[in-house]
Amino acid sequence: MTQRVTSDHIMATDLSKIRNIGISAHIDSGKTTLTERILFYTNRIHRIAEVRGKDGVGATMDHMELEKERGITITSAATYTEWNDHHINIIDTPGHVDFTIEVERALRVLDGAVLILCGVAGVQSQSMTVDRQMKRYKVPRIAFINKLDRSGANPKRVVEGLCDKLKHNAVMMQLPIGLENAFEGVVDLVTMKAFKFLGDNGEQIVEEEIPADMQAEAESMREEMLDAVSMFSDELMESILDDKVTEEQIHTAIRNGVLSLDFTPVYLGSAYKNKGVQKLLDAVTAYLPAPTDIENTGVDLSNDEAVIEITSDPQKPLVCLAFKLEDGRYGQLTYVRVYQGTLEKGMSIYNARTKKKHKVGRLVRMHSNDMEDIESSVGGDIVALFGIECASGDTFTDGTVDVAMSAMHVPDPVISMSIKPVEQKGQANMSKALGRFVREDPTFRAGADPESGETVISGMGELHLEVYVERMKREYDVVVETGAPQVAYRETISQRTEFSYTHKKQTGGSGQYGKIAGYVEPTEDGEDFEFINKVRGGAIPTEYIPSVEKGFKSMLDKGRLIGFPVQGVRICLDDGASHSVDSSDNAFQAAARGAFREFYGRAKPIILEPVMKLEVEGPGEFQGAVIKTIMQRRGTVIGTTEEDGFCQVEADVPFAEMFGYATDLRSVTQGKAEFSMEFAKYAPVTGEVSAELKEKYRENVQVEDDD
């Protein structure tokens with residue numbers, strides 16, 4: 001369905017009334033279910049569909065067939081709605097760690113967020129990841145404790161987890177009226193009124209007096225809340241002393257605290273049972289920032305990349321960021337956040353990276369995978385363009401300024417597998433699919449293995465690659481065979497070693513000569529390659545220093561133990577020699593390559609493997625069995641908690657040991673436990689594993705030295 005609406009219909013350019021929010025949480029905390037209710041209560045949709053709907057319809061925001069079948073969100077979906085005379089752009093993001101880039105790119109362009117927590121499980125592993133991402137992009141947030149209708153729901157324990165595990169200054173703004181099967185509504189500690197949600201879908205909000213048996217607790221909790229929020233308003237603090245507190249003062253203080261990132265108001269409800277959602281929407285419009293409340297900066301490419309302020313002023317030159325690409329049923333879609341100026345249909349825009357000019361042929365506002373045509377959009381809004389060739393993270397301007405917005409953080413893949421089409425005629429379609437997926441998803445990589453010639457895809461986990469293989473079959477009619485998953489190992493050195501190497505080669509005419517000396521050592525963080533030039537007195541001409549660095553860097557792509565990239569190496573160049581005729585760029589690059597081959601073995605190289613942070617949750621009776629499955633996979637248990645018959649086990653486990661874990665866990669817990677994991681760090685493998693990997697490498701690959 002495509003509608004035509006004007007920009008005036010959407011908003012009256014009152015930027016204080018715009019909210020750009022994301023809904024983020026651990027997997028299966030109810031993000032998509034909550035978004036579905038928000039759309040229903042704001043009259044954006046007229047019936048509620050469930051994530052795992054019996055009729056196969058699926059939730060509005062899960063528009064891919066795979067999402068409907070699996071009951072999970074795979075791609076972030078954008079929509080907009082209106083509440084309390086506010087225009088709200090909403091992005092529903094995946095909870096599964098394999099699709100973490102969808103959360104990254106959403107938070108990069110959003111002004112505020114709703115952090116959802118399960119009322120039973122509380123702060124889970126992916127809750128911590130999402131919170132780290134919010135902090136990275138300085139996103140103010142409010143918290144919503146969901147699923148209070150579930151057995152074992154305990155919102156006060158969840159708030160304690162917010163404070164202890166995530167270090168939030170979190171305070172409940174509501175009290176639950178009953179819990180589990182008896183959950184009826186909430187007591188608002190600002191208005192000191194009780195609210196219940198009646199009707200078939202909770203659309204009838206009934207305001208009542210606080211139940212008599214809750215009055216004392218409500219007054220006590222209100223005092224705690226006022227004490228916490230008064231830190232953000234001198235006026236409120238004075239009014240508390242004078243006992244003349246107004247609701248407006250409380251709202252102002254809460255908003256100040258949220259915008260400063262120093263306060264997290266906590267709201268309660270059950271999205272599935274249609275309770276508490278409207279009061280959360282009130283909080284979104286009251287406390288989360290408008291575009292004008294957020295400081296955005298860009299880099300002035302015309303002035304030595306000086307940092308400049310980007311404002312939401314619609315009269316200033318256009319600056320917008322492409323944060324998501326999608327090749328859907330309507331063709332190539334480019335989602336953009338307009339940061340400054342006005343974007344209009346028919347205008348010309350310029351890509352700050354490629355310097356290419358594009359004409360805006362069609363400008364739309366997205367509602368999941370439906371759209372509405374608009375004529376223009378102003379700074380602070382999120383819209384989509386058609387037919388614009390670009391990469392995720394590109395900045396567009398109107399050509400009067402040369403500005404780039406900072407790109408998003410993109411984590412490196414941790415798993416690879418080879419693929420090939422079952423039928424040769426599918427090769428062209430497979431190439432098309434991979435080209436599209438790589439453009440859309442910065443964490444998905446595809447390329448040819450230089451030794452075997454096989455096509456290799458890399459991503460964030462088994463599910464990540466599995467989804468893309470399935471999408472090739474459904475969207476491009478290509479069935480592919482997959483090789484065994486390959487873990488993304490790394491190599492590094494473990495001790496400081498001196499080197500002195502001379503590259504000397506004489507042929508007819510001028511020869512090659514370059515001598516370099518220095519030392520190599522591990523870096524402290526184990527992450528980056530670092531090159532330090534300490535050459536003094538012109539021992540090596542200045543123009544050849546970059547050649548030495550380039551030569552060393554060329555050796556890092558493939559280590560000499562098992563052929564994986566080398567990281568965590570610091571090379572210091574402090575001496576050398578050159579020849580007036582025979583020295584050249586190529587000679588010093590060759591000297592660096594030769595030196596690397598010579599010192600690498602003496603620096604005691606070791607193999608690193610990706611280690612995942614694993615969190616398993618389930619009935620307490622299976623705790624011993626769960627720990628046993630972890631120990632069998634070379635895991636290290638970090639901690640366990642057990643409360644109300646429910647246990648959580650946290651552990652570090654090598655990623656190489658996690659294939660097939662879901663089946664094992666289901667088997668030992670009768671299908672009653674679930675797990676999530678995310679990349680934690682690289683760590684040295686054991687001696688036994690190291691020997692196996694080296695032997696396997698020697699069997700499969702003939703190591704060839706460079707000339």
Side-chain angles (χ1 to χ4, degrees), residues 97 125 411-417 456 458-462 483-497 520-529 555-570 596 599-616 623-640 649-665 667-668 675-701 703:
V97 69
S125 59
D412 289 327
V414 295
I415 182 175
S416 301
M417 67 167 63
V456 175
S458 305
M460 301 307 296
E462 281 184 282
Q486 175 66 66
V487 175
Y489 292 101
R490 293 288 184 268
E491 297 182 26
T492 191
I493 59 173
S494 61
Q495 74 174 29
R496 174 172 164 146
T497 302
V520 59
E521 63 184 2
T523 59
E524 288 77 14
D525 56 13
E527 285 297 321
D528 303 312
F529 165 72
M555 299 298 287
L556 300 178
D557 291 338
K558 188 174 180 182
R560 302 175 65 76
L561 288 180
I562 58 171
F564 277 86
V566 180
Q567 67 177 34
V569 174
R570 178 185 294 116
F596 189 94
F599 71 61
Y600 193 64
R602 292 189 289 110
K604 292 196 174 176
I606 57 174
I607 301 170
L608 303 174
E609 64 181 345
V611 174
M612 310 301 283
K613 181 181 178 186
L614 173 73
E615 185 174 285
V616 186
Q623 182 171 310
V626 167
I627 291 174
K628 187 177 178 182
T629 65
I630 292 169
M631 304 303 286
Q632 288 169 341
R633 293 170 182 265
R634 294 195 285 123
T636 303
V637 175
I638 297 170
T640 61
V649 180
E650 292 182 24
D652 283 344
V653 188
F655 186 44
E657 304 291 338
M658 289 305 295
F659 299 119
Y661 184 64
T663 303
D664 285 0
L665 184 65
S667 175
V668 301
F675 77 95
S676 63
M677 65 177 181
E678 63 176 312
F679 174 74
K681 60 187 176 182
Y682 271 98
V685 301
T686 62
E688 185 180 339
V689 173
S690 178
E692 286 177 13
L693 290 170
K694 290 176 190 174
E695 181 62 30
K696 185 177 178 183
Y697 182 64
R698 279 193 292 269
E699 287 175 5
N700 295 326
V701 181
V703 180

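If you read the sequence from its start, that first residue is 1, and numbering goes on from there.
- In this structure, Arg496 CZ and Arg570 CZ are separated by 10.0 Å, a value rounded to the nearest 0.5 Å.
- A side-chain donor-acceptor contact under 3.5 Å links Arg633 to the backbone of Glu657.
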Give the C-alpha distance, both sets of side-chain angles, the deciding distance and a yes or no for side chain to side chain contact (heavy atoms under 4.5 Å, CB included) between Tyr661 and Leu614.
CA-CA 11 Å; Tyr661 184 64; Leu614 173 73; 4.3 Å; yes
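- Distance check: Asp652 CG to Lys613 NZ gives 8.5 Å after rounding to the nearest 0.5 Å.
- Side-chain atoms of Thr497 do not come within 3.5 Å of backbone N or O of Val520 as any donor-acceptor pair.
- Rounding to the nearest 0.5 angstrom, the gap separating the CD atom in Glu692 from the NZ atom in Lys696 is 9.5 Å.
- At least one side-chain heavy atom of Val649 sits less than 4.5 Å from a side-chain heavy atom of Gln623.
- Between Thr523 and Val569, every side-chain heavy-atom pair lies at or beyond the 4.5 Å cut-off.
- Shown here for Tyr600 and Pro605, the closest heavy-atom pair between the two residues is O-CD, 3.1 Å.
- At a threshold of 4.5 Å between non-hydrogen side-chain atoms, the residues Arg634 and Val653 do not count as touching.
- Relative orientation of the Phe659 and Phe655 rings is tilted, given thresholds of 30° and 60° on the angle between their planes.
- Residues Tyr682 and Gln567 bring no donor and acceptor atom of their side chains to less than 3.5 Å of each other.
- A heavy-atom distance below 4.5 Å is not found between the side chains of Phe564 and Val487.
- The shortest non-hydrogen separation linking Ser494 to Pro522 is C-CG, 3.7 Å.
- Around CD of Glu688, the count of heavy atoms belonging to other residues, nucleotides or ligands within 6.0 Å does not exceed 12.
- Using a 4.5 Å cut-off on side-chain heavy atoms (C-beta onward), Leu665 and Thr663 make no contact.
- Val616 places none of its side-chain heavy atoms less than 4.5 Å from the side chain of Glu650.
- Distance check, rounded to the nearest 0.5 Å: CG of Leu693 to CD1 of Ile607 gives 5.0 Å.
- For the pair Glu609 and Arg490, the salt-bridge criterion is not met [side-chain N within less than 4.0 Å of a carboxylate O].
- Pro565 has its side chain out of reach of Asp557: every pair of non-hydrogen atoms, C-beta onward, lies at least 4.5 Å apart.
- For the atom pair CD1 (Ile415) and CE (Met417), the distance works out to 5.5 Å, reported to the nearest 0.5 Å.
- The shortest side-chain heavy-atom distance between Glu491 and Ile562 falls under the 4.5 Å cut-off.
- Pairing each heavy atom of Thr492 with each of Gly568, the nearest pair is OG1-O, 3.5 Å.
- Here the shortest heavy-atom pairing between Val637 and Ala651 reads CA-CB, 3.9 Å.
- Between atom CG of residue Leu561 and atom CD1 of residue Ile493 there is a gap of 11.5 Å, rounded to the nearest 0.5 Å.
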